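As structure tokens, the structure follows; a few thoughts come after it.
Chain letters run A, B, ... following the sequence lines, proteins first and then strands; every chain starts at 1. Please read these numbers as outputs of a predicted model, since none were measured by experiment.
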Amino acid sequence: MKEREVRRTWMHIDMDMFYAAVEIRDNPSLKKKPVAVGDNTMITTTNYIARKYGVKSAMPGFIGRKLCPHLVFIKPNYPKYRQASDQFKRILAIYDPKLESVGLDEANLDLTDYLVDNKMDNDLGKIFIAQKIREQIFMDMGMTASAGIACNKMLAKICSELNKPNGQTYMYNDEVEILKFMMDLPVRKIPGVGKVNEHILSGLNIYSCKDLVEKATEVYVTFTEYAFQFLVKSALGMARVMHEKEEGVVAQRSMGVSCTFRPIHRYNQFREKLFRLAAELESRAHQNKVMGKTLVLEFKSFKFETKIKSMTFPHYLYSQNQFKKYGILLLNQAWPIEAIRLMGLRLSNMRDRRKDKGVKVCPEVQINDADLIEPPGGPDGNQQETQDQGDGGNNQEEDKIVFSDTMHHPSNDQNNANLDDEGIEDPEIEQKHDEENMKHAKEKLFKQKYGPGEKKKKKIKGEKEILSENSRSIQSWNNVPRFHMDKIMGKSEKEKRQERVQKILKKQNQRGIESFMNESDKYLSKSDHFVKQFEELSKIKNKNDGINNCRQIRNKLKKKEERQQKDIDSGMFGVPKSFKPI
DNA sequence: ATACATACC
DNA sequence: TACTGGTATGTAT
């Protein structure tokens with residue numbers, strides 16, 4: 001990554017309580033009432049009156065009602081919000097045609113070009129233009145928005161939160177200002193640092209961005225290179241300054257559907273859900289004119305544990321029958337499964353169907369009785385009941401109805417008639433592709449059962465050093481911070497790392513750290529201090545020390561979690577004990 | 001390539 | 001009674 005870049009201007013703009021605002025606009029009598037968009041199970045948005053009662057988004061509706069008995073619930077109307085969102089984005093596109101949207105109510109704009117073209121590339125111009133955009137939104141839509149203006153996306157986003165609702169915050173493009181601001185900022189405010197990573201950092205006694213920079217060595221040893229760079233750079237207020245995508249169209253990488261229901265456990269029920277999802281996924285894939293090579297089946301158990309089965313095929317899939325047929329393979333692979341409350345089906349490894357005349361396309365397959373045979377393991381996932389009891393007993397029939405109801409070939413769909421002229425190959429080839437896909441799948445399943453015939457050579461993976469431009473977050477650690485001591489024990493590895501530390505300091509963060517040091521006036525020399533700390537840590541020759549350190553942190557986290565669990569169990573937060581599933 | 005975890009709205 | 005759903009992407013194996 002380059003050095004700190006302060007010459008560009010980004011604005012992050014965010015509609016205030018978007019869904020609720022749309023509803024209030026359409027029904028002004030709601031204006032003075034506490035409003036929640038959502039239902040009894042989940043609230044998606046609330047207005048500021050409801051927020052005064054502590055009713056917030058992502059809160060179950062029944063708790064919201066408890067906190068605020070006269071809360072007005074409104075059923076979400078997503079098409080309406082999408083329409084409003086389009087209008088919002090049309091206004092923004094005047095200022096940056098390449099704007100990046102985040103959900104329906106947020107966007108990142110690179111205002112640099114607009115400001116330069118209009119000879120407004122100065123502090124006043126930037127403040128003025130953000131004001132103007134917000135006014136235009138208010139005039140056209142009757143809704144307010146909040147904005148943050150700064151030299152990069154991350155800072156702009158953080159700033160947009162500071163003056164809500166109907167306000168804006170401008171951050172000067174000045175390194176000292178930025179560092180001053182960042183130092184007191186809790187790490188959680190870094191977009192990409194969520195609950196878990198906040199937790200892990202707290203285990204290292206890191207709470208503010210200042211802590212993060214001061215304890216960079218610990219972070220370096222605890223996290224991967226990639227995450228380390230992300231965290232330290234973010235703490236210094238550095239983030240990407242260029243657009244993620246070159247031109248217009250966003251290349252969506254995966255597409256999926258899922259639904260939540262009362263727990264089910266019978267094979268027939270599973271298959272029924274799968275078939276519904278397949279039909280839904282087909283229509284989505286169709287609308288977006290995409291096909292995909294990888295199919296992912298997701299289950300969420302009654303205990304809220306998520307399981308995933310996925311398979312990549314040699315040929316592209318696009319129709320519900322394909323999703324059903326290959327989805328069954330995934331289902332059978334996972335069977336038996338304990339009772340679940342959610343199932344999802346996702347297509348990834350996607351391509352645009354229209355552009356792929358010569359591409360390998362899986363044919364419209366037929367589903368026959370053989371595909372509907374239950375796998376070994378019985379009709380129940382983990383239950384002992386007999387099949388005739390409960391609401392799932394008659395599912396064989398239900399499946400057939402659902403199946404035939406929704407089954408149709410894409411070519412029957414008038415909207416998409418043109419697709420088939422371009423995308424589909426002749427039936428013989430299609431047949432061949434289906435056979436190849438099946439063969440592929442069977443080989444996979446066989447290998448999985450009996451093990452691979454030949455061991456693959458293990459590839460030595462180079463560590464990811466470059467922070468990808470569109471990355472937002474550090475990802476999973478299995479809930480436990482990993483000490484990578486084993487990696488740095490090897491002499492050459494250690495040397496390499498020390499070199500990297502020097503390099504990071506000299507080439508990337510030096511200016512940032514320098515300013516930081518001047519501010520805090522705590523250290524004599526930036527790199528000396530850093531390297532010294534690193535050497536101290538590297539002295540831990542015994543791997544067990546590293547593991548013990550890791551254990552300490554893990555125990556800390558565990559205890560904290562237990563305490564929180566106790567609070568929940570004891571009925572704090574107004575959450576009934578029965579709320580936690582088993 | 002597969003499975004899983006985290007994050008964001 | 002009752003804690004979403006969709007997309008993206010890092011990490012481990």
TODO: Tell me what A:Asp39 touches on the nucleic acid: a base, only sugar-phosphate, or nothing, going by heavy atoms under 4.0 Å.
DONE: nothing
- [ ] Pick base, sugar-phosphate or nothing for A:Arg262, based on heavy-atom distances below 4.0 Å to the nucleic acid.
- [x] nothing
Task: Aromatic ring proximity A:Phe275/A:Phe323, centre distance under 6.0 Å - done: no
Open item on the list: Using a heavy-atom cut-off of 4.0 Å across all strands, would you classify A:Lys300 as base, sugar-phosphate, or nothing?
Closed with: nothing
Task: From C:dG5, C:dT7, B:dC8, nucleotide with atom closest to A:Thr260 side chain - done: C:dG5
Open item on the list: Can you tell whether the side chains of A:Lys309 and A:Glu298 come within less than 4.0 Å, N to carboxylate O?
Closed with: no
Open item on the list: Just checking A:Phe223 against A:Phe228, ring centres under 6.0 Å apart?
Closed with: no
Open item on the list: Students often get this wrong, so: under 4.0 angstrom with heavy atoms, is A:Leu342 touching a base, only sugar-phosphate, or nothing?
Closed with: sugar-phosphate
Task: Options B:dC4, C:dT9, C:dG6, nucleotide nearest the side-chain atoms of A:Lys307 - done: B:dC4
- [ ] Answer with base, sugar-phosphate or nothing: what part of the nucleic acid does A:Gly103 contact at a heavy-atom distance below 4.0 Å?
- [x] nothing
TODO: Using a 4.0 Å heavy-atom cut-off across all strands, classify A:Arg341 as base, sugar-phosphate, or nothing.
DONE: sugar-phosphate
- [ ] Could you tell me whether A:Arg65 sits above the aromatic face of A:Phe62, with NZ or CZ closer than 6.0 angstrom to the six-membered ring centre and within 45 degrees of the axis?
- [x] no
